[in-house]
Amino acid sequence: MLLRPHEGGAAIGNNLVAFGRLLRRAGLPLGPAELLAGAAALEAIEIGDKAQVHAALRATMVHKHEHFFLFDHAFSLFWRDPEASAHAAAMALMDGMKEQPKPSPASRRMAEAMQGDRPNPPKPPEQPPEDRVDMTFTVSERERLQTMDFEAMSAAELNAAKKEIRKLVLPLDARPTRRFRPDHAGPYTDLRATIREGLRTGGEIMDISRRRRVVRPPPLVALCDISGSMARYAQILVHFLHAVANDRDRVHTFLFGTRLTNVTRQLKHRDAEVAFEMVAHAVPDWSGGTRIGESLEGFNKAWSRRVLGQGAVVLLITDGLDREGAKGLAEATDRLRKSCRRLIWLNPLLRYAGFQPKSQGIRAMLPHVDEFRPVHNLASLRDLVSVLSDPRAGQRGNAA
């Protein structure tokens, strides 16, 4: 352990500051207030007891339950060896020939944070610029990223696209509900509240209470295909659904390939990497076959009455290529459409200019959806956000 009673307050303070920097690099929201609280907590405990130090620092420096695992991992690494970051590279070289299991998101992020302590390599001397004129017509990387197909993106471009997706805001068109709230300027008279106020003044009505109907966005339900033909798109669309689920309430997400899996609870986790790891453990049929009709039928029987109330909007994300053909697909899609206010089908195959609904599954589903839209790049996601926020686009209509 790094802390020792004889080292003095200065060494303890320096170590605590270094530990705070490590936590910030790992992604924890940590500021001077947490460091001061941690220093005060260390003065009230037995400094030579590692368990007490761990409990004191975690109680004062961590505010969310989902950050406990990351803090525990950082504490075990940092306080075990104060020079861990210095010889991390040497340990990696020694273990390079061994077969290592896949690291968890917390371990990977902590390794990157520990590497942040290493000094940067010296930069090569700058060469004097040459007098050249570049006449190539180029566009910015951000503009190119907006129109690039998700399937054609490299790993670095996918990471940049995920960062752009986290910035998207999905303000669904608000709809009136059956509930009312008190409002002195509301359009409706609240007779019950008026009589109740009159009882306080001996039965004399001094004022008329009024109320207004509560207006809130409808629930959003996403059914996303994760079969082999949709794997590349599903990978980044799940990031979009995670951003939406953490930006608003009443968002329900289901993934389906050969079976239907409810991942609403997993995507509610604030930490994106932890949420996706939980989804990976919950979904056994990623990149497998496709049974769209069977999955929609299972949703209609088990989940539609639970999540499709109050004018829900349903996003059906699939390419329509069903392994079972069109068996029961038209009936299941029609029932789904009748249970929600809007059924929007997002299909990455619409990225092709000459797209024709030739497969049996697409022909069976197409007459029973309200809208048929592409979803293959960032621009298509932005168009989807604008459509969902437009009150004029909420009318029922056959897909073109």
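The heavy-atom pair separating C224 from A234 by the smallest distance is SG-CB, 4.3 Å. Between D322 and T290, the shortest heavy-atom contact is OD1-O, 2.9 Å. Nearest heavy atoms, W286 versus L255: CZ3-CD1, 3.9 Å. Closest non-hydrogen pair, D370 versus R341, comes out as OD2-O, 3.9 Å. Here the closest non-hydrogen pair linking D319 and L349 is O-CD1, 3.6 Å. Here the closest heavy-atom approach between residue L308 and residue C340 is recorded as CD2-CB, 4.5 Å.
Two residues are said to be in side-chain contact when any heavy atoms from C-beta on lie closer than 4.5 Å; T333 and L343 meet this criterion. Annotation: side chain of L223 is in contact with side chain of V314 (closest heavy-atom distance under 4.5 Å). L346 is not listed as a side-chain neighbour of L237, based on a closest heavy-atom distance of 4.5 Å or more. At least one side-chain heavy atom of L315 sits under 4.5 Å from a side-chain heavy atom of L384. The closest side-chain heavy-atom distance from I47 to Q52 is not below 4.5 Å. Within the 4.5 Å cutoff, the side chain of L296 has heavy atoms near those of the L316 side chain. Side-chain contact check for T318 versus W345: some heavy-atom pair is nearer than 4.5 Å. Taking 4.5 Å as the limit, every side-chain heavy atom of Y233 sits out of range of all side-chain heavy atoms of V375.
For D190, the side-chain contact (heavy atoms from CB on, under 4.5 Å) criterion is met by R192, A193, S209, R211, not counting sequence neighbours. E34 is linked by a salt bridge (Lys or Arg N to Asp or Glu O under 4.0 Å) to nothing, counting only residues two or more places apart in sequence or in another chain. Listed by chain and residue number, Y188 satisfy the ring pair (Phe, Tyr, Trp, His ring centres under 6.0 Å) test with F180 (two or more places apart in sequence, or in another chain). Among residues two or more places apart in sequence or in another chain, the side-chain contact (heavy atoms from CB on, under 4.5 Å) test is passed with A37 by T60. Residues passing the ring pair (Phe, Tyr, Trp, His ring centres under 6.0 Å) test with H239, sequence neighbours excluded: F276. Residues satisfying the side-chain contact (heavy atoms from CB on, under 4.5 Å) test with Q360, not counting sequence neighbours, are A326, R363. Take H54 and apply the ring pair (Phe, Tyr, Trp, His ring centres under 6.0 Å) test, not counting sequence neighbours, and it matches F71, F75. When the salt bridge (Lys or Arg N to Asp or Glu O under 4.0 Å) test is applied to D334, the partners found at least two apart in sequence or on another chain are K338. Listed by chain and number, the residues in a side-chain contact (heavy atoms from CB on, under 4.5 Å) with I208 are T189, T194, I205, R210 (sequence neighbours excluded).
Taking 4.0 Å as the cut-off between side-chain N and carboxylate O, K301 and E297 count as a salt-bridged pair. Under the 4.0 Å criterion applied to side-chain N and carboxylate O atoms, D72 and R58 are assigned as salt-bridge partners.
Surrounding NZ of K268 are more than 12 heavy atoms belonging to other residues, nucleotides or ligands, all under 6.0 Å away. Around atom CZ of R213, more than 12 heavy atoms belonging to other residues, nucleotides or ligands sit under 6.0 Å away. The local environment of CZ in R21 is sparse, with at most 12 non-hydrogen atoms from other residues, nucleotides or ligands closer than 6.0 Å.
Judged by distance alone, the side chains of S380 and N377 do bring a donor and an acceptor atom under 3.5 Å apart.
For the ring pair (Phe, Tyr, Trp, His ring centres under 6.0 Å) condition, no pair includes a residue of residues 196-231, sequence neighbours left out. Screening residues 287-310 for ring pair (Phe, Tyr, Trp, His ring centres under 6.0 Å) gives F254-F299, F254-W303 as the qualifying pairs, with residues at least two apart or on separate chains. Listed by first and then second residue, the side-chain hydrogen bond (donor to acceptor under 3.5 Å, both in side chains) pairs involving residues 198-208 are E197-R200 (not counting sequence neighbours).
L36 and L23 are not part of a single hydrophobic cluster, where members link through side-chain heavy atoms under 4.5 Å apart. Hydrophobic cluster membership is shared by F355 and L366, with clusters built from Ile, Leu, Val, Met, Phe, Trp and Tyr side chains linked at under 4.5 angstrom. The cluster map of Ile, Leu, Val, Met, Phe, Trp and Tyr, joined by side-chain heavy atoms under 4.5 Å apart, puts I45 and F19 in the same cluster.
Once rounded to the nearest 0.5 Å, the distance linking CD1 of I344 with CD of E371 reads 4.5 Å. Separation of atoms CG (D285) and CD1 (I226) is listed at 4.5 Å; rounding is to 0.5 Å. Remark: H252 NE2 to R250 CZ distance equals 7.5 Å, nearest 0.5 Å. To the nearest 0.5 angstrom, L350 atom CG is 10.0 Å from R373 atom CZ. The CD atom of Q266 lies 12.0 Å from the CD atom of E277; values are rounded to the nearest 0.5 Å.
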Checking side-chain contact (heavy atoms from CB on, under 4.5 Å) for the pair I317/M230: CA distance, chi angles, key distance, verdict? CA-CA 9 Å; I317 308 172; M230 285 285 297; 4.0 Å; yes
Stepwise side-chain contact (heavy atoms from CB on, under 4.5 Å) check, V238 with L267: CA-CA 9 Å; V238 170; L267 290 183; 4.1 Å; yes
Between D225 and F256, is the side-chain contact (heavy atoms from CB on, under 4.5 Å) condition met? List the steps. CA-CA 5 Å; D225 188 349; F256 66 90; 3.8 Å; yes
Give the intermediate values and the outcome of side-chain contact (heavy atoms from CB on, under 4.5 Å) for residues H242 and V279. CA-CA 11 Å; H242 174 264; V279 169; over 6 Å; no
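With D183 contributing its side chain and R212 its backbone, the two residues share no donor-acceptor pair below 3.5 Å. Looking only at distances, no side-chain donor or acceptor of T253 sits under 3.5 Å from a matching main-chain atom of T264.
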